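All values derive from a computational prediction rather than experimental measurement. Letters A, B, ... mirror the listed sequences (proteins, then strands); counts begin at 1. Just the heavy atoms: all of them, side chains too, but no hydrogens, waters or symmetry mates, feed the values below.
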Amino acid sequence: MRISRYFLPVLRETPKEAEIVSHQLMLRTGMVKQASAGIYSWLPLGFRVLKKIEQVVREEQNRSGAIEVLMPTIQSADLWRQSGRYDDYGKEMLRLKDRHERDMLYGPTNEELITEIFRDGVKSYKDLPRNLYHIQWKFRDEVRPRFGVMRGREFLMKDAYSFDLTADAARQSYNRMFVAYLRTFARLGLKSIPMAADTGPIGGDLSHEFIILADTGESQVYCHADLVQTTVPGADTDFDADLSPLIARFTSDYAATDEKHDAARFEKEVPVDKRISARGIEVGHIFFFGTKYSDPMNCRVQGPDGKMVAVQMGSYGIGVSRLAGAIIEASHDKDGCIWPVPVAPFELGLINLKAGDKETDGACDTLCERFANAGIDYLYDDTDERAGGKFATMDLIGLPYQVIVGPKSLKNGEIEIKERRTGMRQTLPLEGAVSQLVGAIRSARQLA
RNA sequence: CGGGGCAUAGCUCAGCCUGGUAGAGCACCUGCUUUGGGAGCAGGGGGCCGGGGGUUCGAAUCCCUCUGCCCCGACCA
(Lines give C-alpha, C1' and ligand atoms only; values in the text may rest on other atoms or scores of the structure.)
Protein backbone atom coordinates (compact mmCIF):
# COMPACT_ATOMS: atom_id res chain seq x y z
CA MET A 1 0.00 0.00 0.00
CA ARG A 2 1.23 3.46 -0.93
CA ILE A 3 0.70 6.24 1.57
CA SER A 4 -0.06 8.59 -1.30
CA ARG A 5 -3.18 6.52 -1.96
CA TYR A 6 -4.00 5.59 1.62
CA PHE A 7 -6.12 7.19 4.30
CA LEU A 8 -3.82 7.87 7.20
CA PRO A 9 -4.88 10.98 9.09
CA VAL A 10 -2.04 11.24 11.62
CA LEU A 11 -2.01 14.04 14.15
CA ARG A 12 1.10 15.79 15.20
CA GLU A 13 -0.37 16.90 18.46
CA THR A 14 -2.17 14.89 21.05
CA PRO A 15 -5.90 15.55 21.30
CA LYS A 16 -6.59 16.79 24.78
CA GLU A 17 -9.32 14.30 25.61
CA ALA A 18 -6.87 11.40 25.56
CA GLU A 19 -5.48 10.58 28.95
CA ILE A 20 -3.60 7.33 28.56
CA VAL A 21 -0.93 6.52 26.06
CA SER A 22 -2.85 3.96 24.02
CA HIS A 23 -5.74 6.35 23.55
CA GLN A 24 -3.37 9.15 22.60
CA LEU A 25 -1.53 6.98 20.12
CA MET A 26 -4.65 5.51 18.60
CA LEU A 27 -5.91 9.01 17.90
CA ARG A 28 -2.56 10.33 16.73
CA THR A 29 -1.93 7.44 14.36
CA GLY A 30 -5.40 7.76 12.92
CA MET A 31 -6.43 4.28 14.02
CA VAL A 32 -9.74 5.42 15.43
CA LYS A 33 -11.90 8.48 15.61
CA GLN A 34 -14.37 9.08 18.36
CA ALA A 35 -17.95 9.20 17.14
CA SER A 36 -19.43 9.95 20.54
CA ALA A 37 -18.54 9.13 24.12
CA GLY A 38 -17.15 5.60 24.22
CA ILE A 39 -18.02 4.93 20.57
CA TYR A 40 -15.40 4.87 17.86
CA SER A 41 -15.00 4.59 14.14
CA TRP A 42 -12.14 2.35 13.14
CA LEU A 43 -10.07 3.98 10.43
CA PRO A 44 -7.95 1.93 8.00
CA LEU A 45 -4.93 1.48 10.22
CA GLY A 46 -6.95 0.58 13.29
CA PHE A 47 -9.28 -1.60 11.31
CA ARG A 48 -6.34 -3.69 10.13
CA VAL A 49 -5.15 -4.19 13.68
CA LEU A 50 -8.62 -5.09 14.85
CA LYS A 51 -9.02 -7.67 12.09
CA LYS A 52 -5.64 -9.19 12.83
CA ILE A 53 -6.42 -9.53 16.51
CA GLU A 54 -9.79 -11.00 15.65
CA GLN A 55 -8.17 -13.54 13.36
CA VAL A 56 -5.71 -14.73 15.99
CA VAL A 57 -8.55 -15.07 18.46
CA ARG A 58 -10.58 -16.99 15.89
CA GLU A 59 -7.77 -19.37 15.04
CA GLU A 60 -7.17 -20.27 18.66
CA GLN A 61 -10.85 -20.71 19.36
CA ASN A 62 -11.12 -23.04 16.42
CA ARG A 63 -8.01 -24.92 17.47
CA SER A 64 -9.57 -25.62 20.83
CA GLY A 65 -12.64 -27.08 19.17
CA ALA A 66 -15.00 -24.14 19.53
CA ILE A 67 -17.38 -23.44 16.66
CA GLU A 68 -18.02 -20.01 15.26
CA VAL A 69 -21.50 -18.53 14.89
CA LEU A 70 -22.77 -14.98 14.62
CA MET A 71 -25.59 -13.70 16.75
CA PRO A 72 -27.30 -10.35 16.22
CA THR A 73 -26.55 -7.16 18.10
CA ILE A 74 -30.24 -6.40 18.63
CA GLN A 75 -32.12 -8.78 20.86
CA SER A 76 -35.67 -9.14 22.05
CA ALA A 77 -36.48 -8.14 25.59
CA ASP A 78 -38.74 -11.19 25.94
CA LEU A 79 -35.71 -13.43 25.80
CA TRP A 80 -34.16 -11.55 28.67
CA ARG A 81 -37.37 -11.78 30.64
CA GLN A 82 -37.05 -15.58 30.49
CA SER A 83 -33.75 -15.48 32.34
CA GLY A 84 -34.94 -12.77 34.65
CA ARG A 85 -32.13 -10.46 33.67
CA TYR A 86 -34.21 -7.87 31.85
CA ASP A 87 -35.08 -6.17 35.08
CA ASP A 88 -31.81 -6.96 36.81
CA TYR A 89 -29.42 -5.55 34.27
CA GLY A 90 -30.01 -1.89 34.98
CA LYS A 91 -29.11 1.17 33.03
CA GLU A 92 -26.04 -0.34 31.46
CA MET A 93 -28.33 -2.06 29.01
CA LEU A 94 -29.35 0.05 26.05
CA ARG A 95 -33.09 -0.46 25.63
CA LEU A 96 -34.92 0.26 22.42
CA LYS A 97 -38.39 0.03 20.99
CA ASP A 98 -39.11 -1.00 17.45
CA ARG A 99 -41.93 0.50 15.36
CA HIS A 100 -44.43 -1.91 16.88
CA GLU A 101 -43.49 -0.67 20.33
CA ARG A 102 -41.85 -3.99 21.12
CA ASP A 103 -39.11 -3.83 23.71
CA MET A 104 -35.72 -4.56 22.21
CA LEU A 105 -32.19 -4.11 23.41
CA TYR A 106 -28.69 -3.79 22.05
CA GLY A 107 -26.98 -6.87 23.43
CA PRO A 108 -24.48 -6.33 26.24
CA THR A 109 -23.82 -10.10 26.20
CA ASN A 110 -25.36 -13.20 24.72
CA GLU A 111 -26.03 -15.89 27.30
CA GLU A 112 -29.79 -15.80 26.73
CA LEU A 113 -29.57 -15.90 22.97
CA ILE A 114 -27.06 -18.72 22.83
CA THR A 115 -29.01 -20.71 25.38
CA GLU A 116 -32.13 -20.41 23.27
CA ILE A 117 -30.22 -21.42 20.14
CA PHE A 118 -28.68 -24.40 21.83
CA ARG A 119 -31.86 -25.44 23.58
CA ASP A 120 -33.79 -25.59 20.34
CA GLY A 121 -31.03 -27.36 18.45
CA VAL A 122 -29.92 -30.09 20.80
CA LYS A 123 -31.87 -32.75 22.68
CA SER A 124 -29.44 -35.50 23.62
CA TYR A 125 -26.38 -35.88 25.82
CA LYS A 126 -24.76 -37.34 22.72
CA ASP A 127 -24.63 -33.81 21.31
CA LEU A 128 -22.43 -32.67 24.20
CA PRO A 129 -19.97 -31.20 24.78
CA ARG A 130 -20.13 -28.21 22.48
CA ASN A 131 -18.66 -24.75 22.54
CA LEU A 132 -20.13 -22.01 20.36
CA TYR A 133 -18.56 -18.61 20.04
CA HIS A 134 -18.97 -15.45 18.10
CA ILE A 135 -17.13 -12.19 17.60
CA GLN A 136 -19.61 -9.38 17.67
CA TRP A 137 -20.14 -5.79 18.74
CA LYS A 138 -21.68 -5.27 22.12
CA PHE A 139 -23.00 -2.24 23.87
CA ARG A 140 -22.87 -1.44 27.54
CA ASP A 141 -23.98 2.01 28.45
CA GLU A 142 -21.14 2.65 30.87
CA VAL A 143 -21.74 5.58 33.15
CA ARG A 144 -18.34 6.85 32.36
CA PRO A 145 -16.59 5.55 29.29
CA ARG A 146 -12.89 6.41 29.19
CA PHE A 147 -9.44 5.40 28.05
CA GLY A 148 -10.51 5.24 24.42
CA VAL A 149 -11.29 1.76 23.20
CA MET A 150 -10.10 0.29 26.50
CA ARG A 151 -13.39 1.08 28.10
CA GLY A 152 -15.77 2.12 25.41
CA ARG A 153 -19.51 1.68 25.42
CA GLU A 154 -19.50 -0.11 22.11
CA PHE A 155 -16.85 -2.79 21.91
CA LEU A 156 -15.94 -5.86 19.91
CA MET A 157 -15.94 -9.00 21.99
CA LYS A 158 -15.35 -12.64 21.42
CA ASP A 159 -17.69 -14.60 23.63
CA ALA A 160 -17.82 -18.35 23.77
CA TYR A 161 -20.36 -20.55 25.53
CA SER A 162 -19.77 -24.12 26.53
CA PHE A 163 -22.40 -26.79 27.09
CA ASP A 164 -21.78 -29.98 29.04
CA LEU A 165 -23.74 -32.74 30.65
CA THR A 166 -22.01 -32.59 34.01
CA ALA A 167 -20.03 -30.12 36.05
CA ASP A 168 -17.00 -32.40 35.77
CA ALA A 169 -17.21 -32.38 32.00
CA ALA A 170 -17.66 -28.61 32.11
CA ARG A 171 -14.30 -28.34 33.82
CA GLN A 172 -12.66 -29.86 30.78
CA SER A 173 -14.45 -27.33 28.53
CA TYR A 174 -13.25 -24.63 30.87
CA ASN A 175 -9.70 -25.90 30.68
CA ARG A 176 -9.80 -25.90 26.90
CA MET A 177 -10.67 -22.23 26.90
CA PHE A 178 -8.02 -21.61 29.53
CA VAL A 179 -5.36 -23.02 27.22
CA ALA A 180 -6.81 -21.27 24.18
CA TYR A 181 -6.59 -17.97 26.05
CA LEU A 182 -2.98 -18.49 27.05
CA ARG A 183 -2.11 -19.20 23.44
CA THR A 184 -4.16 -16.35 22.04
CA PHE A 185 -2.55 -13.68 24.19
CA ALA A 186 0.92 -15.10 23.62
CA ARG A 187 0.40 -14.95 19.88
CA LEU A 188 -0.66 -11.33 20.24
CA GLY A 189 2.70 -10.64 21.80
CA LEU A 190 1.35 -10.35 25.33
CA LYS A 191 2.29 -12.02 28.57
CA SER A 192 -1.03 -12.83 30.16
CA ILE A 193 -1.44 -13.98 33.71
CA PRO A 194 -4.54 -15.90 34.73
CA MET A 195 -5.79 -14.65 38.06
CA ALA A 196 -8.42 -16.07 40.32
CA ALA A 197 -11.65 -14.14 39.93
CA ASP A 198 -14.91 -13.88 41.76
CA THR A 199 -17.12 -16.87 41.03
CA GLY A 200 -20.35 -15.29 42.19
CA PRO A 201 -23.18 -17.48 43.46
CA ILE A 202 -21.79 -20.67 41.90
CA GLY A 203 -18.62 -20.73 43.93
CA GLY A 204 -15.77 -23.07 43.23
CA ASP A 205 -12.51 -22.28 41.49
CA LEU A 206 -13.76 -21.94 37.94
CA SER A 207 -13.33 -18.30 37.10
CA HIS A 208 -10.21 -16.54 35.94
CA GLU A 209 -9.39 -13.13 34.64
CA PHE A 210 -6.55 -12.92 32.17
CA ILE A 211 -4.45 -9.92 33.00
CA ILE A 212 -1.61 -8.34 31.13
CA LEU A 213 0.84 -6.21 33.02
CA ALA A 214 1.04 -2.58 31.93
CA ASP A 215 1.93 0.53 33.91
CA THR A 216 -1.26 2.26 32.89
CA GLY A 217 -3.48 -0.72 33.68
CA GLU A 218 -6.71 -0.10 35.48
CA SER A 219 -6.44 -2.65 38.20
CA GLN A 220 -3.88 -3.33 40.86
CA VAL A 221 -2.71 -6.94 40.69
CA TYR A 222 -0.46 -9.23 42.69
CA CYS A 223 1.24 -12.40 41.60
CA HIS A 224 4.21 -14.73 41.78
CA ALA A 225 6.99 -13.65 39.39
CA ASP A 226 7.38 -17.17 38.01
CA LEU A 227 3.95 -16.92 36.39
CA VAL A 228 5.25 -14.35 33.94
CA GLN A 229 7.85 -16.84 32.75
CA THR A 230 5.70 -19.96 32.57
CA THR A 231 5.83 -21.49 29.11
CA VAL A 232 2.60 -21.28 27.17
CA PRO A 233 1.18 -24.56 25.81
CA GLY A 234 2.23 -25.21 22.23
CA ALA A 235 0.18 -25.40 19.06
CA ASP A 236 0.35 -29.18 19.27
CA THR A 237 -1.58 -29.30 22.53
CA ASP A 238 -4.12 -32.14 22.51
CA PHE A 239 -7.38 -30.53 23.56
CA ASP A 240 -8.99 -33.93 24.11
CA ALA A 241 -6.39 -34.95 26.67
CA ASP A 242 -6.73 -34.13 30.35
CA LEU A 243 -5.56 -30.53 30.51
CA SER A 244 -5.64 -30.17 34.27
CA PRO A 245 -1.90 -30.77 34.86
CA LEU A 246 -1.22 -28.06 32.32
CA ILE A 247 -3.66 -25.71 33.97
CA ALA A 248 -2.16 -26.42 37.36
CA ARG A 249 1.11 -24.88 36.23
CA PHE A 250 -0.72 -21.59 35.91
CA THR A 251 -2.98 -21.78 38.91
CA SER A 252 -0.79 -23.12 41.68
CA ASP A 253 1.18 -19.91 42.19
CA TYR A 254 -0.45 -16.93 43.81
CA ALA A 255 -2.14 -14.47 41.46
CA ALA A 256 -4.99 -12.14 42.29
CA THR A 257 -6.50 -8.83 41.37
CA ASP A 258 -7.13 -6.18 43.97
CA GLU A 259 -10.66 -7.39 44.81
CA LYS A 260 -9.50 -10.92 45.50
CA HIS A 261 -6.14 -10.02 46.99
CA ASP A 262 -5.25 -11.58 50.33
CA ALA A 263 -2.14 -9.79 51.56
CA ALA A 264 -1.43 -12.32 54.30
CA ARG A 265 -1.60 -15.24 51.89
CA PHE A 266 0.49 -13.38 49.34
CA GLU A 267 3.27 -12.80 51.85
CA LYS A 268 3.10 -16.32 53.16
CA GLU A 269 3.12 -18.08 49.78
CA VAL A 270 5.38 -15.85 47.71
CA PRO A 271 9.02 -15.14 48.61
CA VAL A 272 9.85 -11.46 48.85
CA ASP A 273 11.97 -11.40 45.70
CA LYS A 274 9.22 -13.13 43.71
CA ARG A 275 6.41 -10.76 44.66
CA ILE A 276 5.00 -8.77 41.80
CA SER A 277 2.72 -5.91 42.63
CA ALA A 278 1.78 -4.10 39.46
CA ARG A 279 -0.91 -2.57 37.31
CA GLY A 280 -2.82 -4.82 34.96
CA ILE A 281 -5.38 -4.79 32.18
CA GLU A 282 -8.10 -7.41 32.03
CA VAL A 283 -8.23 -8.75 28.50
CA GLY A 284 -10.16 -11.94 29.08
CA HIS A 285 -12.48 -13.55 31.57
CA ILE A 286 -13.60 -17.14 31.74
CA PHE A 287 -16.40 -18.34 33.90
CA PHE A 288 -18.36 -21.43 34.77
CA PHE A 289 -21.92 -20.79 35.86
CA GLY A 290 -23.61 -24.17 35.77
CA THR A 291 -27.33 -24.03 35.16
CA LYS A 292 -27.87 -20.35 35.83
CA TYR A 293 -29.42 -19.85 32.38
CA SER A 294 -30.20 -23.38 31.30
CA ASP A 295 -32.54 -23.84 34.28
CA PRO A 296 -34.82 -20.83 33.83
CA MET A 297 -34.67 -21.11 30.06
CA ASN A 298 -35.32 -24.81 30.11
CA CYS A 299 -32.25 -25.81 28.13
CA ARG A 300 -32.20 -29.53 28.86
CA VAL A 301 -30.98 -32.68 27.22
CA GLN A 302 -31.87 -36.28 27.77
CA GLY A 303 -29.10 -38.16 29.57
CA PRO A 304 -28.01 -41.79 29.12
CA ASP A 305 -30.47 -42.72 31.84
CA GLY A 306 -33.35 -41.17 29.92
CA LYS A 307 -33.78 -38.33 32.38
CA MET A 308 -33.93 -34.69 31.29
CA VAL A 309 -31.12 -32.64 32.75
CA ALA A 310 -30.26 -28.94 32.52
CA VAL A 311 -26.94 -28.43 30.74
CA GLN A 312 -23.91 -27.08 32.51
CA MET A 313 -22.67 -23.89 30.97
CA GLY A 314 -19.69 -21.61 30.99
CA SER A 315 -18.93 -18.38 29.19
CA TYR A 316 -15.63 -17.02 28.00
CA GLY A 317 -14.97 -13.48 26.91
CA ILE A 318 -12.12 -11.72 25.19
CA GLY A 319 -12.19 -7.97 24.67
CA VAL A 320 -11.07 -7.79 21.06
CA SER A 321 -11.27 -4.02 20.63
CA ARG A 322 -9.83 -3.50 24.09
CA LEU A 323 -6.84 -5.60 23.07
CA ALA A 324 -5.92 -3.07 20.40
CA GLY A 325 -5.42 -0.54 23.17
CA ALA A 326 -3.93 -3.04 25.59
CA ILE A 327 -1.26 -4.10 23.13
CA ILE A 328 -0.20 -0.48 22.72
CA GLU A 329 -0.12 -0.03 26.48
CA ALA A 330 2.19 -3.00 26.70
CA SER A 331 4.28 -2.08 23.69
CA HIS A 332 5.20 1.51 22.91
CA ASP A 333 7.90 4.08 23.54
CA LYS A 334 8.17 7.86 23.47
CA ASP A 335 8.08 7.88 19.67
CA GLY A 336 4.94 5.82 19.23
CA CYS A 337 3.53 2.33 18.90
CA ILE A 338 5.66 -0.79 18.60
CA TRP A 339 3.51 -3.44 16.98
CA PRO A 340 4.30 -7.11 17.35
CA VAL A 341 4.39 -8.67 13.88
CA PRO A 342 1.24 -10.82 14.27
CA VAL A 343 -1.02 -7.78 14.84
CA ALA A 344 0.89 -5.03 13.08
CA PRO A 345 -1.30 -3.07 10.66
CA PHE A 346 1.49 -3.59 8.14
CA GLU A 347 4.50 -5.78 8.69
CA LEU A 348 6.96 -3.28 7.36
CA GLY A 349 7.21 0.30 6.28
CA LEU A 350 9.19 1.33 3.23
CA ILE A 351 10.51 4.88 3.20
CA ASN A 352 11.56 6.55 0.00
CA LEU A 353 13.70 9.43 1.21
CA LYS A 354 13.67 11.16 -2.13
CA ALA A 355 10.40 10.47 -3.86
CA GLY A 356 10.62 11.59 -7.47
CA ASP A 357 14.23 10.52 -7.81
CA LYS A 358 14.68 7.87 -10.49
CA GLU A 359 17.09 5.78 -8.49
CA THR A 360 15.20 5.69 -5.21
CA ASP A 361 11.82 5.34 -6.95
CA GLY A 362 13.13 2.42 -8.94
CA ALA A 363 14.64 0.70 -5.93
CA CYS A 364 11.42 1.15 -3.98
CA ASP A 365 9.35 -0.25 -6.83
CA THR A 366 11.60 -3.28 -6.89
CA LEU A 367 11.26 -3.69 -3.15
CA CYS A 368 7.48 -3.41 -3.29
CA GLU A 369 7.40 -6.16 -5.86
CA ARG A 370 9.64 -8.39 -3.76
CA PHE A 371 7.56 -7.85 -0.66
CA ALA A 372 4.30 -8.40 -2.50
CA ASN A 373 5.61 -11.63 -3.97
CA ALA A 374 6.71 -12.78 -0.53
CA GLY A 375 3.25 -12.05 0.85
CA ILE A 376 4.47 -9.31 3.16
CA ASP A 377 2.06 -6.54 4.19
CA TYR A 378 3.96 -3.34 3.54
CA LEU A 379 3.21 0.34 3.69
CA TYR A 380 5.21 2.43 1.23
CA ASP A 381 5.82 6.08 2.04
CA ASP A 382 6.11 7.48 -1.45
CA THR A 383 5.13 11.00 -0.48
CA ASP A 384 7.37 14.00 -0.97
CA GLU A 385 7.39 14.85 2.70
CA ARG A 386 10.73 15.59 4.30
CA ALA A 387 12.88 12.83 5.70
CA GLY A 388 12.37 13.84 9.31
CA GLY A 389 8.62 13.77 8.96
CA LYS A 390 8.67 10.35 7.35
CA PHE A 391 10.83 8.90 10.08
CA ALA A 392 8.64 10.40 12.76
CA THR A 393 5.44 9.13 11.15
CA MET A 394 6.84 5.65 10.63
CA ASP A 395 8.03 5.46 14.24
CA LEU A 396 4.67 6.76 15.39
CA ILE A 397 2.60 4.13 13.63
CA GLY A 398 5.12 1.60 14.82
CA LEU A 399 5.43 -0.97 12.03
CA PRO A 400 7.88 -3.65 13.20
CA TYR A 401 10.40 -3.09 10.43
CA GLN A 402 11.40 -0.09 8.39
CA VAL A 403 13.21 -0.11 5.10
CA ILE A 404 14.89 3.18 4.31
CA VAL A 405 15.90 3.96 0.77
CA GLY A 406 17.94 7.11 0.28
CA PRO A 407 20.21 8.38 -2.48
CA LYS A 408 23.35 8.19 -0.36
CA SER A 409 23.47 4.52 0.47
CA LEU A 410 21.74 3.56 -2.75
CA LYS A 411 24.81 4.78 -4.62
CA ASN A 412 26.54 1.73 -3.19
CA GLY A 413 23.54 -0.45 -3.99
CA GLU A 414 22.61 -0.49 -0.33
CA ILE A 415 19.52 0.25 1.71
CA GLU A 416 18.96 0.53 5.40
CA ILE A 417 16.72 -1.58 7.55
CA LYS A 418 15.60 -0.69 11.03
CA GLU A 419 13.89 -2.76 13.64
CA ARG A 420 11.35 -0.58 15.40
CA ARG A 421 11.47 -2.38 18.74
CA THR A 422 15.22 -2.19 19.27
CA GLY A 423 16.03 0.72 17.01
CA MET A 424 18.76 -1.45 15.55
CA ARG A 425 19.80 -0.42 12.02
CA GLN A 426 21.71 -2.27 9.36
CA THR A 427 22.90 -1.19 5.96
CA LEU A 428 22.65 -4.02 3.46
CA PRO A 429 22.59 -4.74 -0.26
CA LEU A 430 19.01 -4.64 -1.53
CA GLU A 431 18.50 -8.34 -2.14
CA GLY A 432 20.17 -9.27 1.12
CA ALA A 433 17.88 -6.90 2.99
CA VAL A 434 14.82 -8.43 1.38
CA SER A 435 15.67 -11.99 2.29
CA GLN A 436 16.62 -11.03 5.83
CA LEU A 437 13.36 -9.13 6.36
CA VAL A 438 11.16 -11.78 4.80
CA GLY A 439 12.80 -14.38 7.00
CA ALA A 440 12.43 -12.31 10.14
CA ILE A 441 8.79 -11.48 9.47
CA ARG A 442 7.83 -15.02 8.59
CA SER A 443 9.33 -16.43 11.73
CA ALA A 444 7.77 -13.69 13.87
CA ARG A 445 4.35 -14.61 12.49
CA GLN A 446 4.73 -18.11 13.81
CA LEU A 447 5.28 -16.90 17.37
CA ALA A 448 3.99 -19.33 19.99
C1' C B 1 -25.18 8.40 39.41
C1' G B 2 -22.63 12.36 42.72
C1' G B 3 -18.57 16.27 42.31
C1' G B 4 -15.60 19.47 39.06
C1' G B 5 -14.22 21.49 34.26
C1' C B 6 -14.43 22.57 29.09
C1' A B 7 -16.90 23.79 24.21
C1' U B 8 -13.50 29.34 19.04
C1' A B 9 -10.18 26.25 11.92
C1' G B 10 -8.47 19.19 10.99
C1' C B 11 -5.07 19.41 15.90
C1' U B 12 -3.13 22.53 20.15
C1' C B 13 -4.77 27.04 21.94
C1' A B 14 -5.31 32.84 22.46
C1' G B 15 -9.37 36.40 22.38
C1' C B 16 -14.29 36.68 26.70
C1' C B 17 -13.05 39.83 32.63
C1' U B 18 -13.63 45.56 30.27
C1' G B 19 -19.44 43.99 23.85
C1' G B 20 -17.75 47.02 18.01
C1' U B 21 -18.62 41.44 13.84
C1' A B 22 -12.24 36.27 14.45
C1' G B 23 -6.57 35.26 15.64
C1' A B 24 -1.67 32.30 16.36
C1' G B 25 1.24 27.73 15.85
C1' C B 26 0.95 23.06 13.48
C1' A B 27 -1.72 20.70 9.34
C1' C B 28 -3.66 21.90 4.12
C1' C B 29 -3.07 24.55 -1.15
C1' U B 30 0.53 27.56 -4.71
C1' G B 31 5.51 29.15 -5.76
C1' C B 32 10.70 29.45 -4.59
C1' U B 33 14.67 27.66 -1.66
C1' U B 34 15.70 23.18 0.90
C1' U B 35 16.24 17.70 1.53
C1' G B 36 19.14 11.24 6.25
C1' G B 37 15.23 12.53 12.28
C1' G B 38 8.70 16.68 12.39
C1' A B 39 13.10 23.09 7.61
C1' G B 40 12.81 28.54 5.63
C1' C B 41 10.52 32.61 2.85
C1' A B 42 6.26 34.56 0.25
C1' G B 43 1.25 34.06 -0.99
C1' G B 44 -3.50 31.47 -0.11
C1' G B 45 -7.94 28.37 1.41
C1' G B 46 -10.61 26.98 5.59
C1' G B 47 -14.68 28.99 11.23
C1' C B 48 -23.53 30.24 11.44
C1' C B 49 -16.95 31.09 18.01
C1' G B 50 -21.74 23.67 20.30
C1' G B 51 -27.62 24.73 19.75
C1' G B 52 -31.79 27.85 21.19
C1' G B 53 -33.57 32.12 23.64
C1' G B 54 -32.70 36.96 25.97
C1' U B 55 -30.22 41.99 26.96
C1' U B 56 -28.18 45.66 23.45
C1' C B 57 -27.87 50.12 18.01
C1' G B 58 -24.39 45.94 18.05
C1' A B 59 -22.84 39.48 21.34
C1' A B 60 -17.43 34.62 20.52
C1' U B 61 -17.60 38.17 24.69
C1' C B 62 -23.05 39.65 29.29
C1' C B 63 -27.70 36.67 31.12
C1' C B 64 -30.97 32.16 30.79
C1' U B 65 -31.47 27.36 28.89
C1' C B 66 -30.44 22.89 26.34
C1' U B 67 -26.78 19.62 24.32
C1' G B 68 -22.08 17.47 23.82
C1' C B 69 -17.34 16.22 25.66
C1' C B 70 -13.43 15.62 29.43
C1' C B 71 -11.58 14.76 34.51
C1' C B 72 -12.19 12.73 39.93
C1' G B 73 -15.11 9.06 42.67
C1' A B 74 -18.80 4.37 42.86
C1' C B 75 -19.35 -0.06 38.38
C1' C B 76 -17.18 -3.26 33.94
C1' A B 77 -14.64 -7.53 28.25
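- Scanning residues 157-164 of chain A for heavy-atom distances under 4.0 Å to RNA chain B yields A:Met157.
- For A:Gln34, the side-chain atoms get nearest to B:C69 when compared with the rest of B:C1, B:C69, B:A77.
- For A:Arg386, a side-chain nitrogen or oxygen approaches OP1 or OP2 of B:A39 to under 4.0 Å.
- Using bins of under 30°, 30° to 60° and over 60° for the plane-to-plane angle, the ring pair A:His23/A:Tyr40 lands in the perpendicular bin.
- Here the straight-line distance linking atom CD1 of A:Ile117 with atom NE2 of A:His134 works out to 8.0 Å at 0.5 Å rounding.
- Within 4.0 Å of A:Thr14, counting heavy atoms only, lie sugar-phosphate atoms of the nucleic acid but no base atom.
- Side-chain contact, A:Gln61 with A:Asn131: no donor N or O sits under 3.5 Å from an acceptor N or O.
- Taking the nucleotide of RNA chain B with the nearest heavy atom to each of A:Val143 and A:Gly389, the more 5' of the two is matched to A:Val143.
- Rounded to whole angstrom, the span from the CZ atom of A:Arg28 across to the C1' atom of B:A27 amounts to 13 Å.
- Put simply, the residue from A:Arg187, A:Met157, A:Lys158 that forms a side chain to side chain contact (heavy atoms under 4.5 Å, CB included) with A:Val57 is A:Lys158.
- Across all strands, A:Lys91 comes closer than 4.0 Å only to sugar-phosphate atoms, never to a base (heavy-atom distances).
- You won't find any donor-acceptor pair under 3.5 Å spanning the side chain of A:Ser36 and the base of B:G68, going by distance alone.
- A donor-acceptor contact under 3.5 Å is formed by the side chain of A:Arg151 with the base of B:C75.
- Ring to ring, A:Phe155 and A:Trp137 are not that close: their centroids are 6.0 angstrom or more apart.
- Between B:C75, B:U12, B:C1, one nucleotide has an atom nearer to the side chain of A:Glu17 than all others, and that is B:U12.
- A:Val320 comes within 4.0 angstrom of no nucleic acid atom, judged by non-hydrogen atoms across all strands.
- Mapping A:Gly388 and A:Glu282 onto RNA chain B by nearest heavy atom places A:Gly388 at the nucleotide closer to the 5' end.
- Proximity of A:Lys16 to the phosphate of B:C6: no side-chain N or O atom is located under 4.0 Å from OP1 or OP2.
- Interface residues of residues 351-365 of chain A facing RNA chain B, ordered by number: A:Leu353; criterion, heavy-atom separation under 4.0 Å.
- A:Gly406 comes within contact range of at least one nucleobase, with a heavy-atom separation under 4.0 Å.
- Within the 4.0 angstrom heavy-atom criterion, base atoms lie near A:Gly152.
- Taking every side-chain heavy atom of A:Phe155 into account, B:A77 is the closest of B:A77, B:C70, B:G36.
- Between A:Tyr293 and A:Phe289, the ring planes lie perpendicular to each other; the angle is over 60°, past the 30° to 60° tilted range.
- Residues satisfying the salt bridge (Lys or Arg N to Asp or Glu O under 4.0 Å) criterion with A:Lys52, sequence neighbours excluded, are A:Asp377.
- Counting heavy atoms from C-beta outward, A:Val405 and A:Ile351 have side chains that stay 4.5 Å or more apart.
- Proximity note for A:Arg144 (side chain, C-beta onward) versus B:G36, B:C71, B:U12: the nearest is B:C71.
- Using a 4.0 Å cut-off between charged nitrogen and carboxylate oxygen, A:Asp88 and A:Arg85 do not count as a salt-bridge pair.
- Taking the six-membered ring where tryptophan is involved, the planes of A:Tyr378 and A:Phe371 are tilted, since the angle between them lies from 30° to 60°.
- Side-chain N/O atoms of A:Glu13 and base N/O atoms of B:G25 include a donor-acceptor pair closer than 3.5 Å.
- Counting any heavy atom pair closer than 4.0 Å across all strands shown, A:Leu27 reaches no nucleic acid atom.
- The stacking criteria are not both satisfied for A:Phe391 over the base of B:G36, which would need a centre-to-centre distance under 5.5 angstrom and an angle between ring planes under 30 degrees.
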